[in-house]
Enquirer: 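One structure, as structure tokens, below. Some questions next.
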Amino acid sequence: SAKSSGGGTYHFFTKTMNESAMARLVIENDLREALVKDEFELHYQPKVDLRTNQVCGLEALIRWKQPGRGYISPMQFIPVAEETGLISRIGEWVFREVCRQISEWEAQSLPPMPIAVNLSPRQLIEGHITETISRILAETATPAARIVLEVTETAMMQEIKKAATILDELRHLGLKIAVDDFGTGYSSLAYLKRLPINSIKIDRSFVRDVTIDTDDAAITRTIIAMGHNLGLKVVAEGVETQEQMNFLRECNCDEVQGFLIATPLPPEEIVQYIRRPSIDIPSEI
Ligand code: C2E
Ligand code: MG
Ligand code: MG
Ligand code: MG
């Protein structure tokens, strides 16, 4: 620290500011190298349809495996990638890798199912997301209908007109749009109605206490009813207990995702998971 190294050297910064600024610099530098050294991986988390109890889709979640340091959470490096602009290259890698995985799984005769890809705000608003995505889809001969883009409310609300235009373009390409972390942002129902979206994912902060907190139960119930009234599919994320799933089933939630079903898994384990003779999703109370 500044003090133990003699003091006064870093007098412009508090210890904490200095350390976090340093940490960011280190991450930024390492992220550039990670792209070159191919240190990113995608894990996939299954989503289950509450009516059929079948896996009905997967969400791709990026993992950074740094030699000697193990996995680094996207919560740590995605914000840095956003701030530095590296997100566009990382995002392009993610999209291309998902398309490659789709054709690999198709070659292995895995039942086709939609795969969700997360887009951060800067990816949606800046750059040429529509061109990039349509180019990669064409290059990899991937049907657009196989991809769901997950966008947060905050990303859409920052520049609502621009976001609406871009989402329209993406939907015309044939992709589906999901609103991620729903309930944590500022979206109004009027705006939501104007956006070309297919589904909403109830944030796991509501799901967590749904069986013990009557407010969270009411909010969740309302989001599901409202989503259905707008013609949207409603997904609950972060489902960890049987009680939470029972509640969601009672409220007619369409799909669930969470550790109760499965954690995010590397591609080989996804194949095993989907090929299991019976998927033991608990269906009754
Ligand atoms: P998200 O899109 O909301 O993803 C859900 C996160 O919740 C994942 O964390 C997942 O592992 C975790 N999760 C799933 N089920 C449960 C559960 O039952 N309980 C709990 N406590 N957590 C659960 P992860 O993989 O660490 O990703 C964190 C965030 O990083 C994602 O949130 C997303 O915003 C971002 N992210 C991940 N991959 C990408 C990517 O490829 N591109 C971009 N732009 N962002 C990504
Ligand atoms: Mg997501
Ligand atoms: Mg989410
Ligand atoms: Mg999130």
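Counting starts at 1 for both ligands and their atoms, following the listed order.
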Enquirer: So for E59, does at least one of its heavy atoms come nearer than 4.0 angstrom to any atom of ligand 1?
Expert: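 Within the 4.0 Å threshold, so yes.
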Enquirer: Quick check on the Mg ion (ligand 2): does E237 put an N/O/S atom closer than 2.8 Å to it?
Expert: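 No, E237 does not qualify, because none of its backbone or side-chain N, O or S atoms lies under 2.8 Å.
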Enquirer: Has D181 got an N/O/S atom less than 2.8 Å from the Mg ion (ligand 2)?
Expert: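 Looking at D181, which is the residue asked about, there is no N, O or S atom under 2.8 Å from the Mg ion (ligand 2).
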Enquirer: Show every side chain to side chain donor-acceptor pair (under 3.5 Å) that has at least one partner inside residues 261-272, sequence neighbours left out.
Expert: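 Every candidate side chain to side chain donor-acceptor pair (under 3.5 Å) pair involving residues 261-272 fails, so no pair, neighbours aside, qualifies.
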Enquirer: Between ligand 1 and F259, is the shortest N or O to N or O distance under 3.5 Å?
Expert: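 It does: an N or O of F259 is found under 3.5 Å from an N or O of ligand 1.
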Enquirer: Hey, does R63 sit under 4.0 Å from ligand 1 if you only count heavy atoms?
Expert: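 In this structure, R63 qualifies as a contact of ligand 1 - some heavy atom is under 4.0 Å.
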Enquirer: Going by the rule side chain to side chain contact (heavy atoms under 4.5 Å, CB included), which residues pair with E169 if we only count those two or more places apart in sequence or in a different chain?
Expert: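 E169 satisfies side chain to side chain contact (heavy atoms under 4.5 Å, CB included) with T130, T165 only.
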Enquirer: Out of Q45, E240, K201, indicate the one that has the non-hydrogen atom closest to atom 15 (N) of ligand 1.
Expert: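 The nearest heavy atom belongs to Q45.
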Enquirer: So M226 and V234, side-chain contact (heavy atoms from CB on, under 4.5 Å) or not? Walk me through it.
Expert: CA-CA 9 Å; M226 176 214 75; V234 184; over 6 Å; no
Enquirer: Side chain or backbone of N118 under 4.0 Å from ligand 1, or both, or neither, by non-hydrogen atoms?
Expert: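 It is both parts that get close, each with some atom under 4.0 Å.
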Enquirer: I'd like to check which ligand 1 atoms, numbered from 1 as shown, lie under 4.0 Å from a non-hydrogen atom of G258.
Expert: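 Numbered from 1, ligand 1 contributes 15 (N), 18 (O).
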Enquirer: Check each of L42, L61, V94 against atom 41 (O) of ligand 1 and report the one with the nearest heavy atom.
Expert: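 Minimum heavy-atom distance to atom 41 (O) of ligand 1 goes to V94.
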Enquirer: Measure the CD1-CZ distance between I27 and R32 for me, rounded to the nearest 0.5 Å.
Expert: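 If I round to the nearest 0.5 Å, the distance is 13.5 Å.
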Enquirer: Would you call the rings of F77 and W64 parallel, tilted or perpendicular, taking 30° and 60° as the class edges?
Expert: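 Correct class here is perpendicular.
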Enquirer: For S120 and E82, which I'm curious about, is there any donor-acceptor pair between the side chains at under 3.5 Å?
Expert: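 Side chains of S120 and E82: pair found under 3.5 Å.
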Enquirer: One residue to check: R204. Relative to ligand 1, which of side chain, backbone, both or neither has a non-hydrogen atom less than 4.0 Å away?
Expert: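 Side chain only; the backbone of R204 stays clear of ligand 1.
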Enquirer: Has E150 got an N, O or S atom lying less than 2.8 Å from the Mg ion (ligand 3)?
Expert: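 So E150 does not bind the Mg ion (ligand 3) by this criterion.
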Enquirer: Look at E59 together with K201 and state whether they make a salt bridge at an N to O cut-off of under 4.0 Å.
Expert: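 Counted as a salt bridge, because a side-chain N and a carboxylate O are separated by less than 4.0 Å.
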Enquirer: Answer yes or no: is there an ion pair linking R24 with E28, defined by an N-O contact shorter than 4.0 Å?
Expert: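 Here R24 does not pair with E28 in a salt bridge, since their nearest N and O are not under 4.0 Å apart.
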Enquirer: With the Mg ion (ligand 2) at the centre, find the angle made by OD2 from D180 and OE2 from E59, to 10°.
Expert: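 With the Mg ion (ligand 2) as the vertex, the angle is close to 180°.
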Enquirer: Check Q123 against ligand 1 and report side chain, backbone, both or neither, counting heavy atoms closer than 4.0 Å.
Expert: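 The part of Q123 near ligand 1 is the side chain, not the backbone.
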Enquirer: For E106 and R146, run salt bridge (Lys or Arg N to Asp or Glu O under 4.0 Å): C-alpha distance rounded to whole Å, both residues' side-chain angles, the deciding distance at 0.1 Å, then the answer.
Expert: CA-CA 11 Å; E106 196 163 280; R146 296 287 302 279; 3.4 Å; yes
Enquirer: Specify side chain, backbone, both or neither for D180, according to which of its non-hydrogen atoms lie closer than 4.0 Å to ligand 1.
Expert: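 For D180, the contact with ligand 1 is made by the side chain alone.
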Enquirer: Assign the ring pair Y71 / H43 to parallel, tilted or perpendicular, where the plane angle (0 to 90°) is split at 30° and 60°.
Expert: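 Answer is perpendicular, since the angle exceeds 60°.
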Enquirer: Does even one non-hydrogen atom of H43 get within less than 4.0 Å of ligand 1?
Expert: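 Heavy atoms of H43 never come under 4.0 Å of ligand 1.
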Enquirer: S120 heavy atoms, cut-off 4.0 Å: which ligand 1 atoms fall inside?
Expert: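 Once the distances to S120 are compared, the set is 44 (N).
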Enquirer: Pick one of side chain, backbone, both or neither for how V239 approaches ligand 1, counting any non-hydrogen atom pair under 4.0 Å.
Expert: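 Only the backbone of V239 comes within reach of ligand 1.
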Enquirer: At a 4.0 Å threshold, what atoms of ligand 1 neighbour a non-hydrogen atom of E237?
Expert: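 Ligand 1 atoms under the 4.0 Å threshold to E237: 3 (O).
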Enquirer: What is the distance from atom NZ of K176 to atom CD1 of I147, rounded to the nearest 0.5 Å?
Expert: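 Output value for this atom pair is 11.0 Å.
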Enquirer: If you measure every N/O of I62 against every N/O of ligand 1, is any gap under 3.5 Å?
Expert: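 So ligand 1 has an N or O lying under 3.5 Å from an N or O of I62.
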Enquirer: Would you mind telling me if ligand 1 is within reach of the side chain of P264, the backbone, both or neither, using heavy atoms under 4.0 Å?
Expert: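 Side chain only.
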Enquirer: Taking the side chain as every heavy atom from C-beta outward, state whether L232 and S199 have any atom pair closer than 4.5 Å.
Expert: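 Not in contact.
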